[in-house]
J.: 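Dropping the structure in here first, questions after.
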There are 2 protein chains.
Amino acid sequence: MPNILSPDSNALDRGFQALADATRRGVIARLAQGEASVADLAAPYDMALPSFLQHVRVLEAAGLISTVKTGRVRTCWLEAQRLAALDQWIAGYEAAWNTRLDRLGQILETKGDTQ
Amino acid sequence: MPNILSPDSNALDRGFQALADATRRGVIARLAQGEASVADLAAPYDMALPSFLQHVRVLEAAGLISTVKTGRVRTCWLEAQRLAALDQWIAGYEAAWNTRLDRLGQILETKGDTQ
DNA sequence: AAGAATGTTAGGCATATACCTAAGTAACTC
DNA sequence: GAGTTACTTAGGTATATGCCTAACATTCTT
């Protein structure tokens with residue numbers, strides 16, 4: 001039973017997939033500074049707007065950003081908790097591995113003492 | 001000039017792309033427990049071995065794992081530092097966003113004081 | 001040496017991704 | 001109300017991804 005704290009496999013798929021593109025990472029970097037319109041976000045990129053919009057949609061489908069359209073402008077902002085969920089997935093295995101290395105370190109140290 | 005500590009864009013592309021698949025995340029989870037052969041890693045999956053091997057190669061190309069073939073067995077292990085690099089990319093923007101929120105919180109608080 | 005175990009290569013198929021241009025639609029601005 | 005702005009939809013192309021089967025190579029076991 002997946003919930004907001006432990007994303008299901010599809011959420012991780014979409015989240016990491018969304019981060020696997022420089023344009024989309026750029027958007028995230030920009031939104032970390034504060035909300036922005038689609039046009040603002042698109043400005044730095046030499047890309048047709050429909051192509052850019054697709055990136056915005058991928059980010060939104062992944063839950064990494066949210067958007068609202070007001071008048072003719074669509075405003076976008078970061079959903080940091082989803083970013084945090086991805087972060088935590090990675091950190092969990094990093095931690096497991098480091099714990100293993102620590103334990104290995106201890107074993108080697110102990111053996112060293114007895115030599 | 002990209003280096004091992006600050007992965008270039010392609011490294012991030014490949015890294016996050018590699019994590020965007022449940023099978024590959026499963027491999028990472030398994031390798032966090034310790035090294036394993038390709039056959040060991042493949043065992044839980046209902047997938048033809050060549051298909052599975054491709055996942056192993058994607059992980060290796062992303063630098064998330066390393067492998068060595070000894071006799072007829074290819075042994076795989078986790079490269080935690082690459083995992084850490086991805087972790088840190090995310091954590092950086094999460095932090096930027098949270099700092100912003102903190103500042104916003106302070107502003108709201110300050111305004112509250114003067115009301 | 002024969003057979004089993006462990007990959008690996010080659011080739012093919014279906015779907016997804018990343019881009020494009022052209023042609024809308026809706027909301028401001030004058 | 002005519003033009004401009006800010007998206008949006010539709011449709012198309014090229015490449016990448018994830019899977020498969022069949023066949024091959026190498027190494028270990030007996």
Side-chain angles (χ1 to χ4, degrees), chain A residues 8-31 34-78 86, chain B residues 8-31 34-78 86:
Chain A
D8 62 29
S9 192
N10 287 338
L12 290 172
D13 280 7
R14 281 194 290 265
F16 286 126
Q17 178 73 45
L19 295 184
D21 178 279
T23 301
R24 292 191 294 258
R25 285 193 305 274
V27 169
I28 286 178
R30 169 65 187 77
L31 291 179
E35 57 182 41
S37 70
V38 170
D40 287 347
L41 292 173
Y45 302 97
D46 182 22
M47 188 184 291
L49 196 57
S51 308
F52 184 81
L53 198 354
Q54 209 165 315
H55 287 301
V56 171
R57 294 230 157 103
V58 168
L59 287 166
E60 194 173 12
L64 290 172
I65 70 171
S66 291
T67 78
V68 169
K69 188 156 185 182
T70 307
R72 64 189 164 176
V73 175
R74 181 172 293 279
T75 301
C76 312
W77 65 91
L78 205 60
L86 297 179
Chain B
D8 63 28
S9 192
N10 287 338
L12 290 172
D13 280 7
R14 280 194 291 264
F16 286 125
Q17 177 73 44
L19 295 183
D21 178 279
T23 300
R24 291 191 294 258
R25 286 194 304 276
V27 168
I28 286 177
R30 170 64 188 78
L31 290 180
E35 56 182 40
S37 69
V38 170
D40 286 347
L41 292 173
Y45 302 96
D46 183 20
M47 189 184 291
L49 196 57
S51 309
F52 184 81
L53 225 227
Q54 209 165 315
H55 286 301
V56 171
R57 294 230 158 103
V58 168
L59 287 167
E60 195 173 11
L64 290 171
I65 70 171
S66 292
T67 77
V68 169
K69 189 157 184 181
T70 308
R72 64 187 165 177
V73 175
R74 181 171 294 279
T75 300
C76 311
W77 64 92
L78 204 60
L86 298 179

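Every chain is numbered from 1 and lettered A, B, ... according to where its sequence line falls, protein lines coming before strand lines.
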J.: Residues two or more places apart in sequence or in another chain: which of them pass salt bridge (charged side-chain N to carboxylate O under 4.0 Å, His left out) with A:Arg14?
T.: none
J.: Under the rule for side chain to side chain contact (heavy atoms under 4.5 Å, CB included), what residues qualify as partners of B:Ile28, not counting sequence neighbours?
T.: A:Trp89, A:Tyr93, B:Leu19, B:Leu59, B:Leu64, B:Leu78, B:Leu83
J.: Could you list all the ring pair (Phe, Tyr, Trp, His ring centres under 6.0 Å) pairs where at least one residue sits in residues 47-76 of chain A, not counting sequence neighbours?
T.: A:Tyr45-A:Phe52
J.: Taking only residues two or more places apart in sequence, or in another chain, which ones meet A:Asp21 in a side chain to side chain donor-acceptor pair (under 3.5 Å)?
T.: none
J.: By side chain to side chain contact (heavy atoms under 4.5 Å, CB included), which residues pair with B:Ala48, not counting sequence neighbours?
T.: B:Pro50, B:Ser51
J.: Between B:Met47 and B:Thr23, does a side chain to side chain contact (heavy atoms under 4.5 Å, CB included) hold up when you go through it step by step?
T.: CA-CA 10 Å; B:Met47 189 184 291; B:Thr23 300; 3.7 Å; yes
J.: Which residues satisfy the salt bridge (charged side-chain N to carboxylate O under 4.0 Å, His left out) test with B:Arg25, sequence neighbours excluded?
T.: A:Asp13
J.: Using chain A heavy atoms and a threshold of under 4.0 Å, write down where along DNA chain D the contacts begin and end, 5' to 3'.
T.: D:dT4 to D:dT9
J.: Please name all residues satisfying side chain to side chain contact (heavy atoms under 4.5 Å, CB included) with A:Ala36, sequence neighbours left out, ordered by chain then number.
T.: A:Arg30, A:Leu31, A:Asp40, A:Leu41
J.: Hey, can you pull the residues of residues 59-67 of chain B with a non-hydrogen atom under 4.0 angstrom from DNA chain C?
T.: none
J.: Just to verify, what does B:Gln54 make a side chain to side chain contact (heavy atoms under 4.5 Å, CB included) with, not counting sequence neighbours?
T.: none
J.: Please name all residues satisfying side chain to side chain donor-acceptor pair (under 3.5 Å) with A:Thr75, sequence neighbours left out, ordered by chain then number.
T.: none
J.: Treating primed atoms plus P, OP1 and OP2 as sugar-phosphate and everything else as base, which nucleotides of nucleotides 15-30 of chain C get B, S or - for protein heavy atoms under 4.0 Å?
T.: ---BBBBB----BS--
